[in-house]
Amino acid sequence: MSLVINPQNPTNPNFVGVVSGIDLRRPLDEQTIKAIDDGMNQYAVLVFRDQPLTQDEQIDFSIQFGPLDSGLRKATGAPTRFKYDQLIDIGNVAMDGSVADKDNKKLIGVLANQLWHSDSSFQDLPVKYSMLSAVVVPDEGGQTQWADLRAAWDDLPESTKRHIEKRTGWHSAFHSRILLGDKDYTPEQLSKFPPVERPLVFTHPGSGRKVLFPSVHISEVSGMSVPEGRLLVAELIEHATQAKYVYAHDWRPGDYVIWDNRATLHRGTRYDLSIRRDLRRTTTLERELMTATAES
Ligand code: OGA
Ligand code: MN
């Protein structure tokens with residue numbers, strides 16, 4: 001095995017690794033899966049270049065890390081242009097393959113992804129890794145950024161740590177969309193994703209590091225009024241997304257990036273929506289926790 005991981009940034013050497021010496025289209029042996037999991041626990045984000053994957057290849061690669069989730073489509077039932085429900089469309093391409101026009105409903109999801117979040121934190125089933133495969137990217141804009149929530153916790157003032165340590169956030173699937181003015185969800189859709197309570201601070205099971213976990217999906221914080229809670233979340237996101245904690249990825253077609261949703265926030269950056277951007281995501285469920293739940 002010749003897999004090599006190099007830190008992307010010497011000034012935050014435990015955040016973002018660049019991986020070489022692997023072909024993601026080949027089935028992985030146990031040792032390689034472990035090397036990637038270990039890399040994920042250390043770096044939280046792994047970047048692979050020159051790995052153009054077909055739909056089948058992305059599914060086959062991803063599923064080696066756990067069962068795959070199909071995201072919000074479970075509630076919205078939106079149509080997909082892909083062969084698999086588990087390929088999540090992170091682009092502006094319409095069902096017929098053209099660039100979606102301005103009033104296409106799917107663009108609300110594209111735009112909501114430009115707010116700092118962790119994928120699917122609003123659902124009961126806990127998710128672990130997300131993986132993005134870049135097929136077509138615009139020349140300008142449309143980067144994806146990740147923020148290191150472990151370093152963000154480490155650097156918080158003690159008084160803030162004490163203030164938030166025992167608190168929880170209520171994560172709601174539609175909160176970020178409603179913030180953007182998209183309010184037309186039926187009671188039935190809303191009821192498929194009731195808000196989920198998650199700690200604002202927890203210990204990452206793979207690295208043992210503490211994680212600060214704010215997100216645009218949080219609509220309320222325990223023990224606080226709604227406005228106080230939202231202000232606290234805004235403050236924590238502002239802290240966690242300072243330049244020193246953020247990596248911005250300039251996409252090239254064929255790039256593949258894996259991140260740990262339990263250790264990072266991410267967002268897309270603005271681009272001209274009339275220019276084609278085609279990225280495809282897979283997201284794994286947290287196998288360990290699911291097994292624990294099944295056994296209890
Ligand atoms: C994602 C995501 C943002 C973007 O893939 O989950 O939020 O536009 N992406 O790159
Ligand atoms: Mn996302």
Side-chain angles (χ1 to χ4, degrees), residues 24 51-63 68-120 122-123 127 130-145 172-186 188-190 192-193 216-217 248-259 261 266-284:
L24 302 188
Q51 304 279 350
L53 300 185
T54 63
Q55 295 186 36
D56 298 280
E57 287 164 347
Q58 183 170 358
I59 294 287
D60 290 347
F61 173 79
S62 307
I63 210 161
L68 302 181
D69 187 37
S70 52
L72 249 196
R73 288 195 57 250
K74 290 196 287 289
T76 60
T80 174
R81 65 192 171 99
F82 297 135
K83 270 170 77 175
Y84 300 94
D85 273 346
Q86 293 83 0
L87 274 178
I88 298 164
D89 198 354
I90 306 293
N92 59 353
V93 181
M95 281 298 287
D96 65 1
S98 64
V99 174
D101 45 51
K102 275 210 317 293
D103 46 357
N104 189 313
K105 273 300 251 179
K106 79 178 286 174
L107 291 182
I108 184 67
V110 171
L111 293 168
N113 279 341
Q114 296 182 9
L115 297 166
W116 287 107
H117 66 282
S118 168
D119 290 332
S120 294
F122 47 73
Q123 73 179 26
V127 306
S130 283
M131 320 195 181
L132 258 188
S133 169
V135 181
V136 182
V137 296
D139 289 336
E140 256 188 80
Q143 295 176 319
T144 307
Q145 301 177 328
S172 306
F174 302 96
H175 186 58
S176 63
R177 293 162 182 252
I178 292 168
L179 278 179
L180 295 180
D182 186 55
K183 300 185 167 73
D184 302 332
Y185 294 98
T186 64
E188 201 195 336
Q189 286 174 326
L190 294 172
K192 288 214 175 117
F193 279 105
V216 73
H217 293 317
H249 187 73
D250 273 317
W251 292 101
R252 290 187 227 143
D255 284 353
Y256 198 81
V257 176
I258 310 181
W259 67 93
N261 284 299
H266 65 279
R267 68 171 179 187
T269 64
R270 182 165 55 79
Y271 64 101
D272 179 344
L273 288 174
S274 69
I275 308 284
R276 179 180 297 265
R277 184 173 188 258
D278 183 352
L279 291 97
R280 299 156 183 199
R281 196 183 87 207
T282 36
T283 295
T284 69

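FYI, the numbering just counts along the sequence from 1.
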> Got a sec: does the CG of Asp139 have more than 12 other heavy atoms crowding it under 6.0 Å?
Replying inline: no
> Residues in side-chain contact (heavy atoms from CB on, under 4.5 Å) with Pro253, at least two apart?
Replying inline: Val137
> Got a sec, which residues hit side-chain contact (heavy atoms from CB on, under 4.5 Å) with Thr284, two or more places apart in sequence or on another chain?
Replying inline: Phe65, Leu68, Lys128, Tyr129, Met131
>> Quick test of your reading of the model: are Asp89 and Arg280 salt-bridged, counting only N-O distances below 4.0 Å?
In response: no
> Is it the case that Ser70 and Gln86 place a side-chain donor and acceptor less than 3.5 Å from each other?
Replying inline: no
> Looking only at side chains, do Gln114 and Arg267 share a donor and an acceptor under 3.5 Å apart?
Replying inline: no
> When rounded to the nearest 0.5 angstrom, what distance separates CD in Gln189 from CZ in Phe174?
Replying inline: 6.0 Å
> At their closest point, which heavy atom of His217 faces which heavy atom of Ser118, and how far apart are they?
Replying inline: CD2-O, 3.7 Å
> Is there a donor-acceptor pair under 3.5 Å between the side chain of Thr54 and the backbone N or O of Glu57?
Replying inline: yes
>> Under 3.5 Å, is there a donor on one side chain and an acceptor on the other for His266 and Asn113?
In response: no
> Do the non-hydrogen side-chain atoms of Tyr84 and Thr282 ever get within less than 4.5 Å of each other?
Replying inline: no
> Is there a side-chain contact between Asp119 and Arg281, using heavy atoms and a 4.5 Å cut-off?
Replying inline: yes
>> Restricting to side chain to side chain donor-acceptor pair (under 3.5 Å), what partner residues turn up for Asp250, sequence neighbours left out?
In response: Gln143
> Salt bridge between Asp96 and Arg81, side-chain N to carboxylate O under 4.0 Å?
Replying inline: no
>> Regarding Asn261 and Ser130, do their side chains bring together a donor and an acceptor under 3.5 Å, going by distance alone?
In response: yes
>> Is a donor from one side chain sitting under 3.5 angstrom from an acceptor on the other, for Ser274 and Asp272?
In response: yes
> Do you know which two heavy atoms are closest between Leu279 and Arg277, and how far apart they sit?
Replying inline: CD1-CG, 3.3 Å
